[in-house]
Each structure stands twice: as C-alpha cells, then as structure tokens.
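Below is one structure; the comments refer to it alone.
These values consider heavy atoms only, across backbone and side chains, with no hydrogens, waters or symmetry-generated copies. Numbering of residues begins at 1 and proceeds along the displayed sequence. Quick caveat, the model's predicted, so the values are computed rather than measured.
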Amino acid sequence: MEPDRLRALLREVKGGAVSIEEALDHLRKLPFSDLGFAKVDHHRPLRNGYPEVIYCPGKSPEQVAAIARDLAEGGGVVLATRAGQEAREALEGALGPVEYYPRARLAVLNRPAKTPLIGHVAVVSAGTSDEAVAEEAALTLEIFGSRTDRIYDVGVAGLPRLLAHYPQLREARVIVVVAGMEGALPSVIGGLVDCPVIAVPTSVGYGASFGGLAALLSMLNSCAPGVSVVNIDNGFGAAMQADMINRLGPP
C-alpha cells in the first residue's frame with residue numbers, strides 16, 4: 001500500500017467516513033499476500049519508499065500477471081523488469097493496456113499521469129550496444145521520479161564525444177555509467193566529476209570479455225574515487241541506488 005493511500009484511509013477513519021471494519025478490509029493484505037507461488041510484499045513502500053518490482057525471468061506469464069494484479073490493487077505504480085512479449089500480453093490480458101518499452105524490457109502499470117521530477121541523474125552509455133541496459137536504468141529512474149539526462153554512445157574510443165557533454169556531467173547529482181568491452185568509461189568519468197558514479201558492466205564484447213566479467217573486474221579495480229559497481233547488465237539495480245542518492249539532496 002502506498003503511504004499516501006494509507007494516510008487518506010486513516011483520515012477517513014478519523015473523520016468517520018470509513019468504519020474500523022472497512023479499514024481492516026483494506027489493510028488485510030498488509031504486510032503481504034500469499035498467492036501460493038509468491039508472497040507479494042505490500043508493506044515495502046511503507047518501509048523503504050518503493051514498491052515491490054516484478055522480475056519476470058523464471059516466472060510464467062500467468063504468474064507475472066497474477067503478481068501484477070495483486071500489486072495493482074494497492075493503487076501504486078507496478079513495474080515489471082526483463083519482461084518479454086509473452087509477459088506483456090499476459091499483463092494486458094489481465095489488466096488492460098500497459099506501458100511497454102521493448103528495448104529496456106520494462107512494463108509499467110498505474111504510472112502517475114504527471115510525475116514531479118526531482119534532482120538530476122545522468123545515465124551514460126559507452127556504445128549503442130549498451131543502450132538496452134542504459135534504458136532500463138533511465139526509464140526506472142524516470143518512473144520513480146528522478147530527472148534524468150541520457151548521454152549515449154560516448155565511449156573511451158572517442159573521448160571528444162564524452163567531453164562535449166562535460167557541463168551535463170558536472171551538473172548531475174549522481175551518474176550511472178553503462179559500459180561493456182573493457183569497461184573503462186566509469187573510471188574516466190569518475191576522474192572528471194565530484195558526485196557518486198555507479199558503474200554497470202554489460203555483457204557486450206568479444207570472447208575474452210567473458211560475458212561482461214572483464215568489464216566487471218575493470219570497474220571493481222577502478223582507481224577513480226567514488227565509483228561503485230553493480231552486477232552485470234543490472235541497469236535496474238543501478239537506477240534504484242541512483243534514485244536513493246538523488247533523493248538525499250534538495251529538489
């Protein structure tokens with residue numbers, strides 16, 4: 001349940017518009033509901049400000065739709081990551097039209113019509129091949145309310161492309177840097193800015209990249225201060241960390 005909905009319910013109980021028994025019906029699913037194959041966490045927005053997000057791989061389309069339906073009853077935004085076409089069709093069959101972003105493989109329901117954006121996050125990708133992961137990060141940030149700049153295809157093989165965006169990098173409160181191959185771009189950016197840099201290795205690269213392991217190790221061994229690293233291809237995880245950092249400062 002979203003905090004604003006819970007506050008509204010408590011005000012209605014206090015004012016007499018809703019009985020205690022009616023309120024208990026609304027709250028019956030807190031802190032979670034048991035669907036048999038999944039225990040859906042409805043208490044998470046009250047604990048940390050974010051709803052539970054559905055990770056689609058390993059779940060059947062029907063399971064994804066059932067979890068989404070259960071989350072949607074709480075009234076907040078529902079986000080499904082790594083959602084393929086079958087998951088999208090199941091969601092639309094159960095809940096009606098959804099926002100779907102095929103490159104990022106994100107499906108969104110109940111997104112507010114106009115979300116006030118806060119702060120400033122830059123999402124940077126080294127190459128066009130990294131953009132699917134970068135878009136997962138950028139869209140997640142926007143869905144949860146962070147003002148987001150995209151700076152794409154500015155890898156270290158052509159540094160003038162990156163330096164042309166130096167003013168945007170300097171303005172950001174936190175920067176997500178997505179790179180495959182040798183994974184050098186986060187270190188370069190970390191040496192140029194005074195804000196946290198979240199590095200995302202991707203599985204892009206030839207054989208010796210070992211599916212992103214080479215980029216991951218390069219980023220973990222960065223000599224630039226202030227660089228943290230998430231898992232390979234984990235644009236969503238980087239976005240959540242960046243959004244939390246972005247919210248620490250003034251609007």
Side-chain angles (χ1 to χ4, degrees), residues 32-42 44-45 50-112 115 123-146 148 150 152-153 176 178-181 198 200-207 209-213 215-216 230-243:
F32 68 91
S33 58
D34 191 344
L35 303 184
F37 60 87
K39 293 178 175 61
V40 183
D41 188 354
H42 294 281
R44 195 169 301 180
Y50 297 92
E52 181 170 13
V53 171
I54 307 167
Y55 177 72
C56 295
K59 299 179 179 69
S60 71
E62 293 75 20
Q63 288 174 330
V64 171
I67 295 169
R69 184 189 300 111
D70 198 65
L71 286 169
E73 290 178 1
V77 64
V78 179
L79 176 61
T81 67
R82 303 300 167 95
Q85 186 62 33
E86 289 185 352
R88 175 193 182 178
E89 291 172 358
L91 288 168
E92 291 186 332
L95 295 161
V98 302
E99 293 179 59
Y100 183 66
Y101 303 92
R103 185 141 173 80
R105 292 186 290 168
L106 291 180
V108 189
L109 300 94
N110 291 351
R111 185 176 179 179
T115 304
V123 177
V124 184
S125 77
T128 302
S129 297
D130 301 308
E131 285 184 16
V133 176
E135 273 297 284
E136 182 182 57
L139 286 164
T140 299
L141 283 160
E142 290 173 341
I143 288 163
F144 289 120
S146 282
T148 306
R150 291 165 171 80
Y152 288 175
D153 195 25
V176 175
V178 183
M181 297 289 188
I198 302 169
V200 187
T202 72
S203 50
V204 171
Y206 291 103
S209 70
F210 298 108
L213 182 59
L216 172 65
V230 299
N231 208 346
I232 297 168
D233 291 335
N234 191 9
F236 168 76
M240 296 305 296
Q241 183 184 355
D243 191 73

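Closest approach of A242 to I198, counting heavy atoms only: N-CD1, 3.5 Å. Closest heavy-atom contact between A83 and A107: CB-CB, 4.3 Å. Residue L139 comes nearest to A104 through the heavy atom pair CD1-CB, 3.7 Å, listed as atom of the first residue, atom of the second, then distance. Smallest separation of non-hydrogen atoms from A90 and P61: CB-O, 3.3 Å. A pairwise comparison of heavy atoms in A137 and A239 identifies O-CB, 3.4 Å as the closest pair. Contact record, D153 with G127: OD1-CA, 3.7 Å, taken as the closest heavy-atom pair.
Side-chain contact between P51 and V77 is present, with heavy atoms from C-beta onward closer than 4.5 Å. M240 has its side chain within reach of Y50: a pair of non-hydrogen atoms, C-beta onward, lies under 4.5 Å apart.
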Query raised in the report: Are E131 and V178 close enough, and set up right, to give a side-chain contact (heavy atoms from CB on, under 4.5 Å), and what steps lead you there?
Result: CA-CA 8 Å; E131 285 184 16; V178 183; over 6 Å; no

Report task. Take E52 and V40 through the side-chain contact (heavy atoms from CB on, under 4.5 Å) test and state the conclusion after the steps. Result -> CA-CA 8 Å; E52 181 170 13; V40 183; 3.8 Å; yes

Requested in this report: Before giving the answer on side chain to side chain donor-acceptor pair (under 3.5 Å), spell out for D130 and T202 the whole-Å C-alpha distance, their side-chain angles and the decisive distance to 0.1 Å.
Outcome: CA-CA 7 Å; D130 301 308; T202 72; 2.7 Å; yes

**Report entry** V98/V78 under side-chain contact (heavy atoms from CB on, under 4.5 Å): CA gap, chis, key distance, verdict
**Finding:** CA-CA 10 Å; V98 302; V78 179; over 6 Å; no

Requested in this report: Apply side-chain contact (heavy atoms from CB on, under 4.5 Å) to the pair V53 and F236, showing each step before the final yes or no.
Outcome: CA-CA 10 Å; V53 171; F236 168 76; 3.9 Å; yes

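With sequence neighbours left out, R103 forms a side-chain hydrogen bond (donor to acceptor under 3.5 Å, both in side chains) with no residue at all. Partners of E89 by salt bridge (Lys or Arg N to Asp or Glu O under 4.0 Å), not counting sequence neighbours: none found.
The salt bridge (charged side-chain N to carboxylate O under 4.0 Å, His left out) contacts involving residues 76-86 comprise R82-E136, where partners must be two or more places apart or lie in separate chains.
Side-chain atoms of Q63 come within 3.5 Å of backbone atoms of S60 as a donor-acceptor pair (strictly under, hydrogens ignored). Using a distance-only test at 3.5 Å, with no hydrogens or angles considered, a donor-acceptor pair links the side chain of T148 to the main chain of S146. Side chain of K39 to backbone of L35: no donor-acceptor contact under 3.5 angstrom is found. Using a distance-only test at 3.5 Å, with no hydrogens or angles considered, a donor-acceptor pair links the side chain of N234 to the main chain of G237.
Here I143 contributes atom CD1 and Y101 contributes atom OH; the two are 6.0 Å apart, rounded to the nearest 0.5 Å. Atom CG of L91 and atom CD of E99 lie 12.5 Å apart (nearest 0.5 Å). One distance of note links CG of D41 with CG of L71; it measures 9.0 Å at 0.5 Å rounding. Rounded to the nearest 0.5 angstrom, S129 OG and M181 CE are separated by 7.0 Å.
Ionic pairing of R150 and E142 is present here: one or more N-O contacts between side-chain nitrogen and carboxylate oxygen are shorter than 4.0 angstrom. The pair R88-E92 counts as a salt bridge, with a side-chain nitrogen and a carboxylate oxygen less than 4.0 angstrom apart.
Here the options are V200, I232, V230, the test is side chain to side chain contact (heavy atoms under 4.5 Å, CB included), and the partner is L216; only I232 passes. The side chain to side chain contact (heavy atoms under 4.5 Å, CB included) test with L79 singles out one residue from N110, V108, L109, and that residue is V108.
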